[in-house]
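Sequence lines set the chain letters: A, B, ... in the order given, protein chains first and strands last, and positions in each chain run from 1.
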2 protein chains.
Amino acid sequence: MTWTTSRPLAVTPGEAAGIGVELAIAAWTRRNQRIPPFLLIDDPARVRRRADIIGAVLPIEAIDHPSKALAVFDRALPVLPHDFAAEDVPGAPDPANGPATIHAIERAVNMVRDGQASAIVTNPIQKEALYQAGFAHPGHTEFLAALSGPAVTPVMLLASPELRVVPVTIHIPLAEVPRHLTTEAIVTTGRITAAALIRDFGIAQPRLAVAGLNPHAGEGGALGHEDAEIIAPAVAALRADGLDVRGPLPADTMFHAEARRTYDVALGMYHDQVLVPIKTLDFWRGVNVTLGLPFVRTSPDHGTALALAGTGKARPDSLIAALRLAAEMAERRAATANAEIRG
Amino acid sequence: MTWTTSRPLAVTPGEAAGIGVELAIAAWTRRNQRIPPFLLIDDPARVRRRADIIGAVLPIEAIDHPSKALAVFDRALPVLPHDFAAEDVPGAPDPANGPATIHAIERAVNMVRDGQASAIVTNPIQKEALYQAGFAHPGHTEFLAALSGPAVTPVMLLASPELRVVPVTIHIPLAEVPRHLTTEAIVTTGRITAAALIRDFGIAQPRLAVAGLNPHAGEGGALGHEDAEIIAPAVAALRADGLDVRGPLPADTMFHAEARRTYDVALGMYHDQVLVPIKTLDFWRGVNVTLGLPFVRTSPDHGTALALAGTGKARPDSLIAALRLAAEMAERRAATANAEIRG
């Protein structure tokens, strides 16, 4: 896929003391490696400072409007100026920079809504450093959903070259998973996932594989009742929608190469059930995608890596994969929208 | 490793209607591919019948004592005669054959105890077909432990070329995992595992990686209390034993290639947490090993595959891996015992 877009991706800085800015620098220096044009929302002086710290030699150019990014991208890293309250110290988050970190995300959302950017790619944030600034969300995903309106149900999809997965429950204790799991949640997640695979991933008839909750998907009830009572009815409801859905399947035999060829996305019932296989197969190139938003948003599938900040050693693989996937999704979504307008 | 043993492995037939006998035939036909010598406890006429059904051409030789197996193995599949009550129909288990299936396992145990076999390799059984014959165990592992005496705690280890894993809880509903998990169970499992890696796997100072129960190993208590309250004390107790143990670790970042190089075995808290990564990485060559028994026992890491029985299409990869691993473990255990006697 080559990039036909007339708009840049909007990249947020994430935690100022983290590796986000270094990843953006590393991605831009590889711009000839099929990196879609992007702009970084950040303080140009700060970007220069961090580039110097990690020994990166690159031109940086402040732009006064997102529309300038594409023309600049070939010759310099386009930075849309954004002020931070305090000078950042790599590895040491400063709560004083919390408001600017949050505001950068809001700016990116506004940009994509106003048609100035094609999609959002967010660098990792450190939630603890944002709480003092009034951040009241479990994470990026929920914040972006809140910015998008009350009717939005965000769904987290993780994509790697080997596998796409969606956890139905995410950041809750394992003991709470069985009682949080509902047929309705699985159906809603499955519908949003299928719609996104059609619209944003170009898969006309997506195949969904739904994992069981218990060992061997409950082994006919001998190892738990949720597979038959909660998950099977959800699979039936999704099939009644006309979707290609199988399950509940024993999770342990779902993720080897032959099994993976039989579906386009695996729905798991809890965090580790799907995070384990995707990170086992490809630790570096996983991308976190939020489905169900009115815009395309991806992010690297890792944290702020404070211990690596300032070393230049953080691998940009995941950010690069997130940039490429965001651009692909945005172009497909635009093509679908155009086809609908023309049709 | 070449085989220095003077005793054969004892291979059980498993479910007579299943693929066990076909796997043994397939393994023998590849005997030049570093297959350790084994005998099959089975009815020679039945073995011949199944060989004909799947179109396998091979010499079969009935032996009247396990000691004859090694001399025979180069020229024919050595079969120690064992009577089944009914003629087997591939794919259709007959409860009439239950007693003989169970008795074959007992014969293998007696053989290895009497020094006539070096280790046991069991083919898969169909528990439902054995219940009428009075089989009262959840599976092979518990039956072998019961045959071994009251003080035996069996531990299931799964080994593949990529990874070794041990689940602390196994065949219970996911909802019951948190309340079944105890510090004592993790410590006992860790000790038995470490002892086996030293004695049977030749790893002088085994490195154990212990998974957390919750997402991100509980994220400091925000995502569950068991990691800090149940698992961390177990890790501390195992360290106090002088063992090289780390944890609780976030499960999703434990199984990629770089992470795997940092340990010799991963202890997981429940079935899918460790079965998912090992089967994702190598679906065909996983071996099930029972640690904590007074003898070496391995088995293929799959079921009876009734749908494949009689087709000759079942892949013998896992049985072959189980044969090799059993022989390696038995030779190491014998070498350790000899060293102790000499020392």
Side-chain angles (χ1 to χ4, degrees), chain A residues 127-128 138 158 162-163 165 167 169-179 181 211-227 250-260 266 268-284 286 301-303, chain B residues 127-128 138 158 162-163 165 167 169-179 181 211-227 250-260 266 268-284 286 301-303:
Chain A
K127 283 172 288 176
E128 298 71 18
L158 298 166
E162 305 277 357
L163 184 63
V165 297
T169 68
I170 311 183
H171 289 129
I172 58 174
L174 190 80
E176 292 181 17
V177 168
R179 60 176 170 271
L181 205 61
L213 176 70
N214 293 298
H216 312 166
E219 206 169 283
L223 299 177
H225 61 89
E226 297 89 347
D227 306 282
D252 60 343
T253 56
M254 273 179 70
F255 298 105
H256 62 97
E258 284 182 51
R260 294 198 304 275
M269 297 303 115
Y270 56 92
H271 186 274
D272 282 355
Q273 193 177 45
V274 292
L275 273 281
V276 164
I278 196 166
K279 294 200 175 189
T280 297
L281 287 167
D282 195 321
F283 189 62
W284 298 107
D301 180 28
H302 56 63
Chain B
K127 283 173 289 178
E128 298 71 20
L158 298 166
E162 305 277 356
L163 183 63
V165 297
T169 68
I170 311 182
H171 289 129
I172 58 174
L174 190 80
E176 293 181 18
V177 168
R179 59 175 172 273
L181 204 60
L213 176 70
N214 293 299
H216 313 168
E219 204 167 283
L223 298 178
H225 60 91
E226 297 89 348
D227 306 281
D252 60 343
T253 56
M254 275 179 68
F255 298 105
H256 61 98
E258 285 181 51
R260 295 199 302 275
M269 297 303 113
Y270 55 92
H271 186 275
D272 282 355
Q273 193 177 45
V274 293
L275 274 281
V276 164
I278 196 166
K279 294 200 176 189
T280 297
L281 288 166
D282 195 322
F283 189 63
W284 297 106
D301 179 29
H302 56 63

- Query: Considering residues at least two apart in sequence or located in another chain, which fulfil the side-chain hydrogen bond (donor to acceptor under 3.5 Å, both in side chains) criterion with Asn214(B)?
  - Reply: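 With neighbours one apart ignored, the set is Glu226(B), Asp227(B).
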- Message: Below 4.5 Å, heavy-atom pairs only: which of His225(B), Arg179(B), Lys279(B), Met254(B) has the largest tally toward chain A?
- Response: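 Looking at each option in turn, the highest pair count goes to Lys279(B).
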Looking only at heavy atoms, which two atoms of [X] and [Y] are closest? And how far apart?
X         : Y         : value
Pro215(A) : Asp272(B) : CA-OD1, 4.3 Å
Pro173(A) : Gly224(B) : CG-N, 3.6 Å
Val276(B) : Gln273(A) : CG1-O, 4.4 Å
His271(B) : Asp252(A) : CE1-OD2, 3.5 Å

- Task: Find the one option among Phe255(A), Tyr270(A), Trp284(A), Phe283(A) whose heavy-atom pairs under 4.5 Å with chain B are most numerous.
- Result: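 Looking at each of Phe255(A), Tyr270(A), Trp284(A), Phe283(A) in turn, Phe283(A) comes out on top.
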- Item | Atom group of Glu258(A) that falls short of 4.5 Å from chain B, counting heavy atoms |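 Interface part for Glu258(A): side chain.
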- Interchain contact, Ile170(A) with chain B, by part (heavy-atom threshold 4.5 Å):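 The backbone, not the side chain.
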- Item | Per-residue contact mode, Ile172(B) against chain A (heavy atom under 4.5 angstrom) |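 When you check distances to chain A, only backbone atoms of Ile172(B) fall under 4.5 Å.
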- Leu174(A) versus Leu174(B): any side-chain heavy-atom pair under 4.5 Å?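 The answer is yes, as the side chains (C-beta and beyond) meet within the 4.5 Å cut-off.
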- Query: Can you name the residues that form a ring-ring contact (aromatic ring centres under 6.0 Å, His included) with His302(A), not counting sequence neighbours?
  - Reply: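 Residues passing ring-ring contact (aromatic ring centres under 6.0 Å, His included) with His302(A): none at all.
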